[in-house]
Amino acid sequence: MGDYFQTIVDLDAGEAEAEELAERAVAWLVSEGIVLADREVCVLGQPLGHPPGPHWNRAVADDDPDGEPFDGLAVHTGPTVFDSGQDEPEAVTCPRCRTTTDLSDEGEGDLSDEDADEGEGAWPRFSAAITAWQDTGHADVTCPACARDVPLSEWLWTDDRLAVGRLGLEFWNWPELGDDFRARLAAVLDGHRTAYLWGKL
């Protein structure tokens, strides 16, 4: 059957503010009764997480029939590439020139002639940048279309399989999070842009 997770990623949190924003988000979630302040063993991948609070339903969609959450909230800070636990992303858009590059194995996307001659798709350059981002917190990818160097964290992923950021709130085995809740949480995060990923392990 597997474990399901939903992650809200702050796309704009800088290195100096990620921890403070994480503390603020958790404090708000606790004040709303959505999670409990005391942590316990209730998430995958981390020793401790915040279990659901008495008003967890304030976070979920009204029409979700899946019942109560049975795991908790994991908070991730630091340079992280969040994914859906499924397939690799299919495409990505350059924020400079707005060209979308195909990342699938089948297509070459908007590759330069040199890359096309080598028979190499665009995914390897992004994969290398992902590794560098997780190791150092900094990575650029040269756009195949406009040839400008773009920080990995600024690329626009065209599906819900990947997001790059320094703060992620990961809800394990919860009913679907509501749009209104996600908007209110974004407001707590200084109105930052957020990404929403849903995945299964």
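Everything numeric here is computed off the predicted structure, so don't read it as measured data. We count residues from 1, following the sequence as given.
Using a 4.5 Å cut-off on side-chain heavy atoms (C-beta onward), Thr194 and Leu185 make no contact. Side-chain contact between Asp10 and Leu21: present, with at least one pair of heavy atoms (C-beta onward) separated by less than 4.5 Å. By the 4.5 Å heavy-atom criterion applied to side chains, Pro47 and Arg39 are not counted as neighbours. Put simply, the side chain of Pro54 reaches to within 4.5 Å of the side chain of Leu36, judged on heavy atoms. Counting heavy atoms from C-beta on, the side chains of Pro52 and Val35 never come closer than 4.5 Å. For the pair Asp140/Leu152, no side-chain contact is recorded, criterion being any heavy-atom separation below 4.5 Å from C-beta on. Contact check for His55 versus Glu32: no side-chain heavy atoms found under the 4.5 Å cut-off. With a 4.5 Å cut-off on side-chain heavy atoms, Thr77 and Arg166 do not count as touching.
Side-chain atoms of Thr80 come within 3.5 Å of backbone atoms of Gly78 as a donor-acceptor pair (strictly under, hydrogens ignored). For the pair Thr99 (side chain) and Ala145 (backbone), a donor-acceptor distance under 3.5 Å is absent. Distance alone, capped at 3.5 Å, places no donor-acceptor pair between the Arg98 side chain and the Thr93 backbone.
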- Pair Thr100-Val92, side chain to side chain contact (heavy atoms under 4.5 Å, CB included): steps then yes or no: CA-CA 6 Å; Thr100 297; Val92 66; over 6 Å; no
- Carefully, step by step, assess Arg184 and Asp180 under the rule side chain to side chain contact (heavy atoms under 4.5 Å, CB included). CA-CA 6 Å; Arg184 288 187 294 133; Asp180 178 65; 3.2 Å; yes
- Message: Checking Gln6 against Glu170 for the side chain to side chain contact (heavy atoms under 4.5 Å, CB included) test, could you report, in this order, the C-alpha distance in whole Å, the side-chain angles of both residues, the deciding distance, and whether it holds?
- Response: CA-CA 6 Å; Gln6 300 167 79; Glu170 193 173 65; over 6 Å; no
- Query: Does the side chain to side chain contact (heavy atoms under 4.5 Å, CB included) test come out yes or no for Glu19 and Leu167, once each step is laid out?
  - Reply: CA-CA 8 Å; Glu19 291 282 352; Leu167 170 58; over 6 Å; no
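In this structure, Trp198 has its ring center under 6.0 Å from that of Tyr4. Between Phe126 and Trp157, the gap from one ring centroid to the other is short of 6.0 Å.
Going from atom NE2 of His192 over to atom CG of Asp12 covers 5.5 Å, rounded to the nearest 0.5 Å. Note that CG of Asn173 is 4.5 Å distant from CG of Asp3, once rounded to the nearest 0.5 Å. Leu48 CG to Cys42 SG: the interatomic distance, rounded to the nearest 0.5 Å, is 8.0 Å. Of the inter-residue distances, the one linking Trp28 atom CH2 with Leu189 atom CG reads 9.0 Å to the nearest 0.5 angstrom. For the atom pair Glu154 CD and Cys94 SG, the distance stands at 9.5 Å (nearest 0.5 Å). In this structure, CG on Leu73 lies 6.0 Å from NE2 on His50, to the nearest 0.5 angstrom.
Linking Ile, Leu, Val, Met, Phe, Trp and Tyr residues whenever their side-chain heavy atoms come within less than 4.5 Å places Leu197 and Leu11 in a single cluster. Linking ILVMFWY residues whenever their side-chain heavy atoms come closer than 4.5 Å, directly or via other members, leaves Phe171 and Val9 in distinct clusters. Under the 4.5 Å side-chain heavy-atom criterion for ILVMFWY residues, a single connected hydrophobic cluster contains both Trp123 and Val164. Linking Ile, Leu, Val, Met, Phe, Trp and Tyr whenever their side-chain heavy atoms come within less than 4.5 Å leaves Val75 and Phe82 in two separate clusters.
The aromatic rings of Trp172 and Phe5 sit tilted relative to each other, their planes meeting at an angle between 30° and 60°.
The two residues Trp56 and Glu68 make their nearest non-hydrogen contact at CZ2-CG, 3.3 Å. Summarising the geometry of Ile34 relative to Ala59, their closest heavy-atom pair is CG2-CB, 3.8 Å, with the distance given to 0.1 Å. Contact detail for Pro89 and Leu162: the closest heavy-atom pair is CG-CD1, 4.0 Å. The two atoms that bring Ala129 and Val141 nearest to each other are CB-CG2, 3.4 Å, heavy atoms only. The two residues Ala122 and Thr101 make their nearest non-hydrogen contact at CB-CG2, 3.6 Å.
Within a 6.0 Å radius of CG in Asp149, more than 12 heavy atoms belonging to other residues, nucleotides or ligands are found. Heavy-atom neighbours of Glu40 CD from other residues, nucleotides or ligands within 6.0 Å: above the threshold of 12.
Arg182 forms a cation-pi arrangement with Tyr196, by the criterion of a distance under 6.0 Å to the ring centre and an angle within 45° of the ring axis.
Taking a cutoff of 4.0 Å between a charged side-chain nitrogen and a carboxylate oxygen, Asp190 and Arg24 qualify as a salt bridge. Under a 4.0 Å N-O distance rule, the pair Glu90/Arg161 qualifies as a salt bridge.
Side-chain contact of Gln46 with His76: a donor-acceptor pair under 3.5 Å is present, judged by distance alone.
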